[in-house]
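What follows is a single structure, written as structure tokens, with notes after it.
Note: hydrogens, waters and symmetry copies are ignored here, and every other heavy atom, side chains too, is used. Per chain, numbering begins at 1; letters A, B, ... match sequence-line order.
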Number of protein chains: 2
Amino acid sequence: MVLDERKRRVLQALTDDYIETAEPVGSRNLVRKHNLGVSPATVRNEMADLEEAGYLHQPHTSAGRIPSDKGYRYYVDELMTRWEPGPGEHGALVRRARAVRVITEEVIHEAARLLAQATNYASLVAAPRVEASYFRHIELVPLDETHVLAVIVSDPGFVQHRVVEVRRGVTPEACTRMAEELNRLLFGVRFGDIARDALGAIKESVRSADLYDAVAELLTDGIAHQSSERVYLEGTLNILSQPEFRDIERAKSLLAMLEARDVLYQVLSLGARSSSATVIIGQENPVPELRDCSVVVSAYTLNGEVIGAIGVLGPTRMEYSKAVGMVEYVADHLSDTLLGLVRGG
Amino acid sequence: MVLDERKRRVLQALTDDYIETAEPVGSRNLVRKHNLGVSPATVRNEMADLEEAGYLHQPHTSAGRIPSDKGYRYYVDELMTRWEPGPGEHGALVRRARAVRVITEEVIHEAARLLAQATNYASLVAAPRVEASYFRHIELVPLDETHVLAVIVSDPGFVQHRVVEVRRGVTPEACTRMAEELNRLLFGVRFGDIARDALGAIKESVRSADLYDAVAELLTDGIAHQSSERVYLEGTLNILSQPEFRDIERAKSLLAMLEARDVLYQVLSLGARSSSATVIIGQENPVPELRDCSVVVSAYTLNGEVIGAIGVLGPTRMEYSKAVGMVEYVADHLSDTLLGLVRGG
DNA sequence: CCTTAGCACTCTACGCACCCGAGTGCTAAA
DNA sequence: TTTAGCACTCGGGTGCGTAGAGTGCTAAGG
């Protein structure tokens, strides 16, 4: 669908206006506020055409127009002026992110908070994929006869602990021994490359076959398949400030949706291809409950490899320009920061 | 204030009714539903007396009555029939809690979820005070030249990790050495009893004085003073189901309040005296923002010593009977479960 | 003296009519 | 092709009247 220049201007002005005011936009106001240089009647004709073509719609006959999902799509792809952090903002953001962090989890939290505050939408971050990070260290602490605590430090400094269950009793010595061997063998290895049979090399030196099996299982399978739990969420309450969620039922169902980490992870995955932002507008969202929201997601990387995704979620009437700008900006920063945390790799 | 038997019955019936319906209760309905055996007119007289004495109030002249905070207080202290888990519920609760857990954090989470679901209010849990738990194990993992990851396992199986900063470079050997020494020295010691000078005994054998200082500081001070962060929260969205929070602004401000962990911790502390439930009704709450809510809190214990608190937060029109019952029930269970996790003690 | 039936009164919630204003589409003239 | 003019539509706010629930008061009854 080709739109002539004037239609483009009308669509852009109208979308900008609606994003700002959340009120249907009428021809008179549009002409006045965005001095389009033509009369309201002309704009009305254009608007009628745009509506017929599916870019706009009217909530009711005697109201102004609102962009449809298709309208937003066109706006995002072709019309919006890209937001860039002004020098002041840039400084503030950098300063804020500068606090030294050693733990990836904190870095991610901070990124999520930053994004939520800057955009006033809810922010989501999928933690780095374990497969794409590097083994740094493991500790095995026996808890009782049948449970061992495994503390795993991976390379952009991520610490996690898991309890593994061992059938037969396990001695502290076996734990120490196995941890030592693993640390020697795996330091700097990419998690995704830890092969089951490579571990076989140390099987002999570990006294307890049970322990060996449980931990090997954890390292090769267990740790990798938990991504959905690891979605960080900030600024969920920002959503309540949006006029589209003044209705408590809608707000409630959306907030409930945000508790379903696996769904969020799925949505974040959609944008985990490219390191420029992906915009998912309303109906485009595969998750039905999010069809009246928009999501802006960008991947973040480690050494050029995509390891996670970060984004914001807000109403379809979203400040796309700022959202896209901020998400990309924060994603870049996050990638940089994580790179700084890598030690082994 | 002494209330005669009939006034007590009226107040009880009215409160029960209002808790159930959330609508002001009139004399006619009250008599009908709770067959009080007297006429509405008589009840009206009683209600007028109760209102004058401050136990009830009317939203407007031609409406029924609503219990005041004072009315709820009297209800809670003197009138309500205590809720006990029926045999069916008891079974379900036990079954649910039975899944074997080794990690205190999971146990607490589960308790919080259970409480939130059972009551349909928001549940809060303050994690066990570190001072009151026992040292089990420490690991020190060097992250880079100046940062060491300390993983501490305390005795009702609580795992936490902290990064300590060390001024000068630190060797892996020093870390291993120090961890070994600490594990030998402190196993089974109550955190609150770890004295700075007792640690001096191992100062010599640790090569790095910096490391020693940083970790000693962490063990004696750092770890203990972080309680406010460790408040677990579940079922916050339940609040949106309560009719008193149908107004989005109120809901928003309350939900925002729930993000302030330190405030919640403070509120939980109020109930951390006795192991029977403490009820804080409306205006009694020291936190102004929670003055139109009620909180039911109970302490939970380890070996008889209070180590934390668990509770629910809901509207003043709360099902106090059930809330008190459930909170005490879950607190007891939590205490029992934690005791089962103790190994060193 | 306490209880209760009766009654007048009060107040809210709700439905309805009404109007105002913003906005539209259409037509005809520039 | 643009625009001025005009009739039309519709949502939202306002005012009014009514129904219903509830009260307080008074006077009669046990």
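When each of A/Ile310, A/Leu115, A/Thr236, A/Leu268 is tested with A/Leu124 by the rule side chain to side chain contact (heavy atoms under 4.5 Å, CB included), just one qualifies, namely A/Leu268. Checked options A/Arg9, A/Arg8, A/Lys7; the residue passing with A/Glu78 is A/Arg8 (criterion: salt bridge (Lys or Arg N to Asp or Glu O under 4.0 Å)).
Side-chain atoms of B/Asp49 and B/Tyr55 form no donor-acceptor pair, as typed in the model, at a separation below 3.5 Å.
Listed by first residue number, the stems of DNA chain D with at least three Watson-Crick or G-U pairs below 3.5 Å are C:1-30 with D:1-30.
The NZ-C1' distance, from B/Lys7 to C/dC2, rounds to 12 Å in whole Å. The interatomic distance linking B/Glu46 (CD) with D/dG22 (P) rounds to 18 Å, in whole Å.
Counting all heavy atoms, side chain and backbone alike, A/Ala299 lies closest to A/Ala331 at O-CB, 3.7 Å.
A salt bridge does not link A/Asp69 with A/Arg291: every distance from a Lys NZ or Arg NE/NH1/NH2 to an Asp or Glu carboxylate oxygen is 4.0 Å or more. Between B/Glu284 and B/Lys70 there is no salt bridge, since none of the side-chain N atoms of the basic residue sits less than 4.0 Å from a carboxylate O of the acidic one.
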Contact state string [nucleotides 11-27 of chain C, B base, S sugar-phosphate only, - no protein heavy atom under 4.0 Å]: BS---------BSBB--
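Heavy-atom contacts from other residues, nucleotides or ligands closer than 6.0 Å to CZ of A/Arg273 number 12 or fewer. A/Arg246 CZ: 12 or fewer foreign heavy atoms inside a 6.0 Å radius.
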